[in-house]
Amino acid sequence: MTVASTAGLDQAVATYVPELAGTRRPSLTALLSHHRRDRDETFGGSDRTRLAQELLAPFLDPAPGPVSSAEGGRDPRFTGWTRVLVSAWLRAEHESLSAHPALADGAAFVGPLVEDGVALASETLVRTLVEVLAERREAGALTGATPEARFDDFRAWIGSPDGASALAHRYPTAVVRAHALVVRRARSVREVLDHLVADLPDLRATLPGLDGDVRVHSLHLGAGDTHDGGRTVGLLDLGRHGHLVHKPRSLAADRALHGLARGLNAALGTSLRVPRTLTRDHHGWAEYVDGTGAPTSDGRHPYRLGELAAVLYLLRSTDMHYENVVTDAAGRPVVVDAETVLSAVPVREPSYADGAGSRHARALLEDSVIGIGLLPLRVSVPGRPESLDIGASGSMAAGQASPFRSLAVRDAGRDDMHIALEPGRVGTGNTNPHAGTELDAVVRFRDGVRRGLEDTLRRVMEHRDVVEGLVRRELTGVRVRHVNIPTVFYAQLLRMCSHPDLLEDPDAHLAVLGRVSLRNTAARSAAAHEVAQLLGDDVPLFTVDAHGTDLLDARGRTLVPDFFDATPVDRVLSRLHALDEAEVARQADLVDVAFVPRIPDGGERTAPLTRPTPPPAPDRDVVTGAVDRLLSRWVPATDPAHPATFWGPLVTTSDASQWTPGSLGYDLYGGSVGVALALAEAGHLYDVPRARDVAAAVLDPIRAQVLGGALESQPVSAGGMTGMGGTVWAVAAADRLSGRGTGDHARLVDALAATVRPDTVPDLTAGLAGALTAGCGIVGRVEDVHREAATDALARLAARALPGLERVTTAPADGDQPVFTGYAHGLAGMLAPAHRAAHALSGTHPELSARLAALGSALLGLLLAQTGEDGDLPRTVGGSDSSWAWCHGAPGVLLGLLEVAELGAEVPERLLVDLGRQTQDRGLGNNPTYCHGDLGSLAALHRLALHTGDEDARRRWTAETRSRAGRTALRDRASARDRYTGTDSLMVGRAGALHALLRTTAPADCPDVLTLE
């Protein structure tokens, strides 16, 4: 039996944890095999069919009695059916409980308790009942002329002896599980009431107002996850005595935070508030803080949030999101759950990426004021449009969709009733300023939080000894929670395991739970203990002593010795001792970054055109000042095989997570590569060694990774802005600036060609046109000795890209995707690479060159065919909406047409003039950056001036570029009122401004990031 069981479990692991390979799979199988007996005992073992029959006895009796129903005798969600079971399962418990001395009215109390059990049982069993319904429908076993009638037939059958018996034999585990969850919830109710009776004398002394006869009118359980045998937070309604919160854990951490807050208020002048508590070994009581309708518009509220953020940053708190920090009636933020007020970091297994700058940047952000959860913190799921700002100072609207999906019943009461996986909805929102709020309100809120943080951290530094004494005194004997894996992942596994087929297959059930092993990256895994708790339908809960390094369970028993690399208190003291002005400045900067997504559209408007006195070329002080601002967010690598990086708002990511803080990626548009290129230009053109060194620390390892094939297994796009094209082009440009030479540039182009696939999109930013543009840009500047190899590599790239680009001209309306006219994503950005590649390959690959030339002519014809009488072009082929930005609209179209005109293509001069006029009239004033901003429009106008030989216009656009770019490059972030000051990216941030400044000084030496020349 053991061998067969292990073989089945190993196959299940291979099916449900396919990511495992080598020796890891047998290790997981061995780990899970130890839980087989626990699982059998949890779900009734070999007797579970008999046990399920006993639990379904009310329906096995031909006369089960009246069944509660709804909708005129129908029972579309099986609540009436479930009520029969719950009433039978809990009859004795309810009869006994109704006489409990803590209750105001036992009969009135039990009624809602029954309904709570019905809701829990229905939620637990509905997935199984819907599965049985589908099986009956597919077997043709339902009678009735309509879907509703056939459902009613099934409902009658499942409530009959035949149906109940079939359910007990087909899905016994589901029935046993539902009974266990309902019974343990009822036992938790009794436990809370017993605790109230025992603790009331001490509660009266702790919480004023509990005078006289204190009785429970109602009790709501189920707020939050369940832990430690189904226990969860409870809210007691005590009538005239208000509400009281019961927590199934020690509140020593909450009590310690309360004491610490009082001490800090006295020493630092802060206004922190923490609820009063009474704690026992394994449970505790807290005063109730009603956060609904709190006056967050109070002018002191953001400042108090900043004070709290500073203290929680010092304590290295985590998980202080909108549910754990609420605002009271006086407008004060209050920590209502302090179980993660301290944190510890597991000892990690060494891994390949340990020394990468990106790993260090993520750690820096996670261990910063952003990682607390108090500031705006938008979470999303890749590929889904929804996001959720879970920060306590974030923005959340009641009823908004969540990126996390849950099970929902659809078409209830019909025979095609089914379970769907859909985004959940937020129950309540808040009144904090959000992206749709007036700009001034968001800026005032952000600035108030920042001031509160800065003031408090500076007071901490002034009273370091006092704060250390408070920490040592108040945190003695405290245990806090350690969240080993995000609870949403645990919840996902529990949801998966609620499927009836998994419940009835022990091997599959265990294997799915075994997926926790994939997230255990510590040197000593906690997976075995996570599986044990998940088997009981609990979200795993671990603790750590404030002065210890062992991983503990909910009751304080050691599970894994020496799990953490330092004690939580030592981590607090190390932060306290290291705190200085530079760290205060960095945390204040992070506050600004956290609020970047909340800055509303329209806040980025720039000044109208002027005729300024042409600023001189930027001097060294201006360049070094801009460099210093970029370097303030640099994160070095500790392994030379990995690149350094920068942190900041992410601008090249999915819409749902755009502008959130993170580690910049490898792309040119918004990643570390673009910032490094601007630094490389400054370093070499103005002899700034630190800029040159940091650029090399980013680009040299990336260069080695590209040439060494380290990125081949990564899902890298081919594009010129957000893909491999821009990356290798920037590496090649930095090679030329540094004097390294171009000997490896053919290999760079070949590495780029390898990223071109049949389904690659055709545009410049992410696709084929960008790859070809980057290839042309590299080959166009190689040294003569390397030109033949580079040209052959370009030919290989062009041959791979051509079919996809040709499809744009042969099937412009293919599918539902429109064909854009602009530069970043449309025809204008495809013109130059086709023409440039045709020219570059004309002498060595004539047939390929001819196809490229034909492609260029076809693309130009298609674009010109969209031109209106006034020279205006629609945003999309055949469309009507216009645009006036580099990425979409007149400036980018102008730039693309100028490029091909300079290569000999016939472009109407009148059209170029019209596009220049549109760009000047409508393409300036939106924002100060390259992409859909002033710098992109000015670059097009400057090139037009060179094309027409208009020296006055050239000087004017040079002056405007220097003026606008100079302001952006040196702007103080603390006074920023737009999103673009928050980022250092090349195309929409400070690095682009520095690049634009340098281009006005040495255009021949400084590469062009718009055209990749």
Side-chain angles (χ1 to χ4, degrees), residues 56 58-59 64 66-86 115-160 162-175 177-178 181-182 222 381 383-386 398-427 491-504 512:
L56 293 171
F59 297 124
V67 175
S68 300
S69 59
E71 296 191 11
R74 301 192 67 237
D75 192 13
R77 289 180 177 264
F78 305 105
T79 53
W81 180 88
T82 309
R83 189 172 289 107
V84 173
L85 293 178
V86 172
E115 295 310 308
D116 180 59
V118 171
L120 180 58
S122 295
E123 178 185 351
T124 305
L125 281 170
V126 69
R127 198 169 185 183
T128 298
L129 294 173
V130 168
E131 188 77 8
V132 178
L133 170 62
E135 292 170 357
R136 296 278 291 174
R137 182 181 68 246
E138 292 169 5
L142 302 177
T143 61
T146 66
E148 291 79 9
R150 290 189 291 273
F151 174 86
D152 291 341
D153 177 68
F154 173 78
R155 168 61 184 82
W157 175 80
I158 201 69
S160 71
D162 286 346
S165 179
L167 181 62
H169 282 83
R170 179 72 175 85
Y171 296 110
T173 308
V175 177
R177 173 175 176 260
L181 295 178
V182 169
V381 174
R384 297 178 188 169
E386 307 88 3
Q400 76 175 81
S402 165
F404 305 111
R405 297 178 179 178
S406 56
L407 299 176
V409 177
R410 290 291 170 259
D411 295 322
R414 297 166 48 98
D415 70 332
D416 56 356
M417 179 179 182
H418 60 281
I419 304 295
L421 192 60
E422 298 180 350
R425 294 283 172 178
V426 175
Q492 180 188 44
L493 293 184
L494 289 173
R495 184 187 68 211
M496 292 172 66
C497 290
S498 70
H499 193 284
D501 289 344
L502 283 182
L503 285 174
E504 303 307 328
V512 170

**Message:** I'd like to know if the side chain of Asp75 and the backbone of Thr79 have a donor-acceptor N/O pair within less than 3.5 Å.
**Reply:** yes
**Request:** Could I get the full list of salt bridge (Lys or Arg N to Asp or Glu O under 4.0 Å) partners for Glu386, not counting sequence neighbours?
**Result:** none
**Prompt:** Does any N or O in the side chain of Trp81 come within less than 3.5 Å of the main-chain N or O of Ile158, such that one atom is a donor and the other an acceptor?
**Reply:** yes
**Request:** Identify the two heavy atoms, one from Ala121 and one from Val182, that lie closest to each other, and give their separation to 0.1 Å.
**Result:** CB-CG2, 3.7 Å
May I have the list of side-chain donor-acceptor pairs in residues 492-503 shorter than 3.5 Å, sequence neighbours left out?
{"from": "Arg495", "atom 1": "NH1", "to": "Arg405", "atom 2": "O", "distance (Å)": "2.6"}
{"from": "Ser498", "atom 1": "OG", "to": "Arg127", "atom 2": "NH1", "distance (Å)": "2.8"}
{"from": "Ser498", "atom 1": "OG", "to": "Arg495", "atom 2": "O", "distance (Å)": "2.6"}
{"from": "His499", "atom 1": "ND1", "to": "Asp501", "atom 2": "N", "distance (Å)": "3.1"}

**Item:** Derivation and outcome, side-chain contact (heavy atoms from CB on, under 4.5 Å), residues Phe154 and Met417
**Value:** CA-CA 11 Å; Phe154 173 78; Met417 179 179 182; over 6 Å; no
**Request:** To the nearest 0.5 angstrom, please state how far the CG atom of Asp411 sits from the CG atom of Asp416.
**Result:** 5.0 Å
**Asked** Does Asp153 use its side chain to pair, donor to acceptor, with the backbone of Leu142 at less than 3.5 Å?
**Response** no
**Complete:** Closest non-hydrogen contact found for Ala145 with Ala149 is N-CB, 4.1 Å
**Asked** side chain to side chain contact (heavy atoms under 4.5 Å, CB included) with Gln400: which residues, sequence neighbours excluded?
**Response** Leu388, Met396, Ala397, Val426
**Message:** Using every non-hydrogen atom in the two residues, find where Ala174 and Thr128 come nearest and quote the distance to one decimal.
**Reply:** CB-OG1, 3.3 Å
**Message:** Can a side-chain donor-acceptor contact be found between Ser122 and Thr82 if the only test is distance below 3.5 angstrom?
**Reply:** yes
**Fill in**
For Ala178 and Leu125 the tightest heavy-atom approach is CB-CG, 3.6 Å
Can you give each donor-acceptor pair under 3.5 Å made by side-chain atoms of residues 132-140, sequence neighbours left out, with the distance rounded to 0.1 Å?
{"from": "Glu135", "atom 1": "OE2", "to": "Arg170", "atom 2": "NH2", "distance (Å)": "3.2"}
{"from": "Glu135", "atom 1": "OE2", "to": "Tyr171", "atom 2": "OH", "distance (Å)": "2.6"}
{"from": "Arg137", "atom 1": "NH1", "to": "Asp415", "atom 2": "O", "distance (Å)": "2.2"}

**Complete:** Closest non-hydrogen atoms of Pro423 and Ser402, given as atom of the first, atom of the second and distance, are CB-O, 3.1 Å
**Asked** Sequence neighbours excluded, which residues qualify as salt bridge (Lys or Arg N to Asp or Glu O under 4.0 Å) partners of Arg410?
**Response** Glu422
**Message:** Applying side-chain contact (heavy atoms from CB on, under 4.5 Å) to Val126 and Arg77, what does each step give before you reach the verdict?
**Reply:** CA-CA 8 Å; Val126 69; Arg77 289 180 177 264; over 6 Å; no
**Request:** Name all residues meeting the salt bridge (Lys or Arg N to Asp or Glu O under 4.0 Å) criterion together with Glu148; count only those two or more places apart in sequence or in a different chain, and write none if there are none.
**Result:** Arg414
**Item:** Heavy-atom pair of closest approach, residues Pro76 and Phe151
**Value:** O-CZ, 3.5 Å
